[in-house]
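What follows is a short report on a single structure.
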Amino acid sequence: MSPLKNDRLLRALLREPVDVTPVWMMRQAGRYLPEYRATRAKAGSFMDLCKSPELACEVTIQPLERYPLDAAILFSDILTVPDAMGLGLYFTEGEGPKFTHPVQSEAAVNALGMPDMQDDLGYVMDAVRTIRHELDGRVPLIGFSGSPWTLATYMVEGSSSKNFAKVKGMMFNSPQLMHVLLDKVSRAVTAYLNAQVDAGAQALMIFDTWGGALTPQHYQTFSLAYMEQIVRGLKREAEGRKVPVILFTKGGGLWLEQMADSGCDALGIDWTLNLADARRRVGDRVALQGNLDPCTLYASPQRIREEVAQVLESYGKGSGHVFNLGHGIHPEIDPEHAGVFVEAVHELSRPYHLG
Ligand code: CP3
């Protein structure tokens, strides 16, 4: 495997010195890019795109051709794991993900099988290998999964949800059953992330998109505890380097201290926090990734630069910051504005890394 030409991301995640702040965007391969829409049309559907290693590789690389990004992220979806556990994932236009067999009873939880990483998810590992080959050491490749709690919300609801009636119903009425489900999903996710590392992923991110919908106590018991279980089971070194783990709970600002003690290397931060406060709270335990409000990219180039400057100033001097949006880039964003954002991070961050 070729040596990394740009390892800023890995260095910043481990709080090692860098020349400028590394930057990437959540959902950087997506519908805001006309070339993504063209490849998706060629694939037929979003799932066909995920299941074709060549096309998944093509869309993974597309944003890197446009912008000087410091990382690639595997093109896939968090819901591939429940799909591989037999739930039957499909997407309907404008309505998001759906499962043909949601998990809504004790029998359904007990019937859930462990997915086989080769037979059921081999297409993801093939995509990782294809992307690593194509990247040829340009930037590191981030692998990812959903958190067990976030995956469980989709598995129990059968789709996206506003108030999580069914999954919270299960959590309150049958906590033991919920724990059986979360433990099964955690074991599947651990195997999935380790298989991604074996295939060539150089950093890992766990997306806990819906952890912020929980009470503090339920967050600890039903989300964080299972992410800790996963982190404990991960391979943390590959190809002679550490494989950093980023944990992102959207809306988890209240619980940074607990998250920083989870064993991960970095925390993803949404835009509801000030990075100076976040940095003070986590100290030197973890790096921070974030946290520009994605809606900033609707603003003028001048305003985008000002907001980037503000986020850089809030983090302050030194390494340990990976610049990102606080959540995924929206499909309506002008690709030129994304470029202004990425270039502003590199240009304006240099003074923070001198001396
Ligand atoms: O960041 C990247 O570029 C990597 C690719 C990536 C996708 N999904 C591609 C995708 C990643 C990391 C994800 C994670 C994901 N998927 C999450 C967690 C992150 C987050 O955004 O909070 C969640 C909750 C999902 C589940 C999911 N997948 C939903 C709810 C949807 C529909 C959303 C929508 O905007 O319509 C998807 C589909 C999806 N996953 C798209 C992409 C590019 C849009 C599909 C399309 O229509 O082309």
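Note: hydrogens, waters and symmetry copies are ignored here, and every other heavy atom, side chains too, is used. On a predicted model such as this, the values are computed, not experimentally measured, just so you know. Remember, it's 1-based here, ligands and their atoms both numbered in the order they're listed.
Side-chain heavy atoms closer than 4.5 Å link hydrophobic residues (I, L, V, M, F, W, Y) into clusters, and following such links, possibly through other members, connects V103 to I78.
For ligand 1, the atoms closer than 4.0 angstrom to any heavy atom of I73 are 1 (O), 2 (C), 3 (O), 4 (C). If you number the atoms of ligand 1 from 1 as listed, the ones under 4.0 Å from a heavy atom of M26 come out as 1 (O). Near Y36, the atoms of ligand 1 lying under 4.0 angstrom from a non-hydrogen atom of the residue are 43 (C), 45 (C), 46 (C), 48 (O). Distances below 4.0 Å separate heavy atoms of Q28 from the following atoms of ligand 1: 1 (O), 2 (C), 3 (O). Per-residue contacts place F207 under 4.0 angstrom from the following atoms of ligand 1 (heavy atoms of the residue considered): 12 (C), 18 (C), 19 (C). Heavy-atom proximity to T209, at under 4.0 Å, picks out these atoms of ligand 1: 18 (C), 19 (C), 20 (C), 22 (O), 24 (C). Of all atoms in ligand 1, numbered sequentially from 1 with element shown, those under 4.0 Å from a heavy atom of S76 are 5 (C), 6 (C), 7 (C), 8 (N), 9 (C).
Here the heavy atom of the protein found nearest to atom 38 (C) of ligand 1 is F91 CE2, 3.4 Å. Closest to atom 4 (C) of ligand 1, if we only count protein heavy atoms, is L74 O, 3.5 Å. Protein heavy atom closest to atom 36 (O) of ligand 1, with residue, atom name and distance, is R31 NH2, 3.1 Å. In this structure, the protein non-hydrogen atom closest to atom 28 (N) of ligand 1 is D77 OD1, 2.6 Å. Ranking the protein heavy atoms by distance from atom 17 (C) of ligand 1 puts I78 CD1, 3.6 Å first. The nearest heavy-atom contact from the protein to atom 45 (C) of ligand 1 is F46 CD1, 3.5 Å. Annotation: atom 11 (C) of ligand 1 to nearest protein heavy atom, F144 CZ, 3.7 Å.
For the pair Y154 and ligand 1, a heavy-atom separation below 4.0 Å is found. Judged by the shortest distance from any of its heavy atoms, H327 lies inside the 4.0 Å radius around the atoms of ligand 1. Proximity of W210 to ligand 1 is not established, as no heavy-atom distance is less than 4.0 Å. At a 4.0 Å cut-off, at least one heavy atom of A29 sits close enough to ligand 1 to count as contact. Using a non-hydrogen distance threshold of 4.0 Å, T150 does not register as a contact of ligand 1. Put simply, part of P97 is less than 4.0 Å from ligand 1, judged by heavy atoms.
The residue from M47, Q62, R27 that puts a heavy atom closest to atom 1 (O) of ligand 1 is R27.
The pair D261-R285 meets the salt-bridge criterion, since a charged nitrogen lies less than 4.0 angstrom from a carboxylate oxygen. Looking at D277 and R280, a side-chain N of the basic residue comes within less than 4.0 Å of a carboxylate O on the acidic one, giving a salt bridge.
Between M227 and M259 there is no side-chain heavy-atom pair separated by less than 4.5 Å.
Residue pairs satisfying the side chain to side chain donor-acceptor pair (under 3.5 Å) criterion with at least one member in residues 99-120, sequence neighbours excluded, are absent.
In summary, the aromatic rings of H321 and Y352 are positioned with their centroids too far apart to meet the 6.0 Å limit. The six-membered or imidazole ring of F323 lies near that of F341, with a centre-to-centre distance under 6.0 Å. Ring to ring, W149 and Y226 are not that close: their centroids are 6.0 angstrom or more apart. Less than 6.0 angstrom separates the ring centroid of F75 from the ring centroid of Y36. Aromatic rings from H179 and F222 are positioned such that their centres are separated by under 6.0 Å.
For D208 and S223, the side-chain atoms include at least one donor-acceptor pair closer than 3.5 Å.
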* Asked: Run the salt bridge (Lys or Arg N to Asp or Glu O under 4.0 Å) check on D70 and R8 step by step: do they pass?
  -> CA-CA 7 Å; D70 295 297; R8 279 180 196 131; 2.8 Å; yes
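Under the 30°/60° scheme for interplanar angles, the aromatic rings of Y154 and W210 are found to be tilted.
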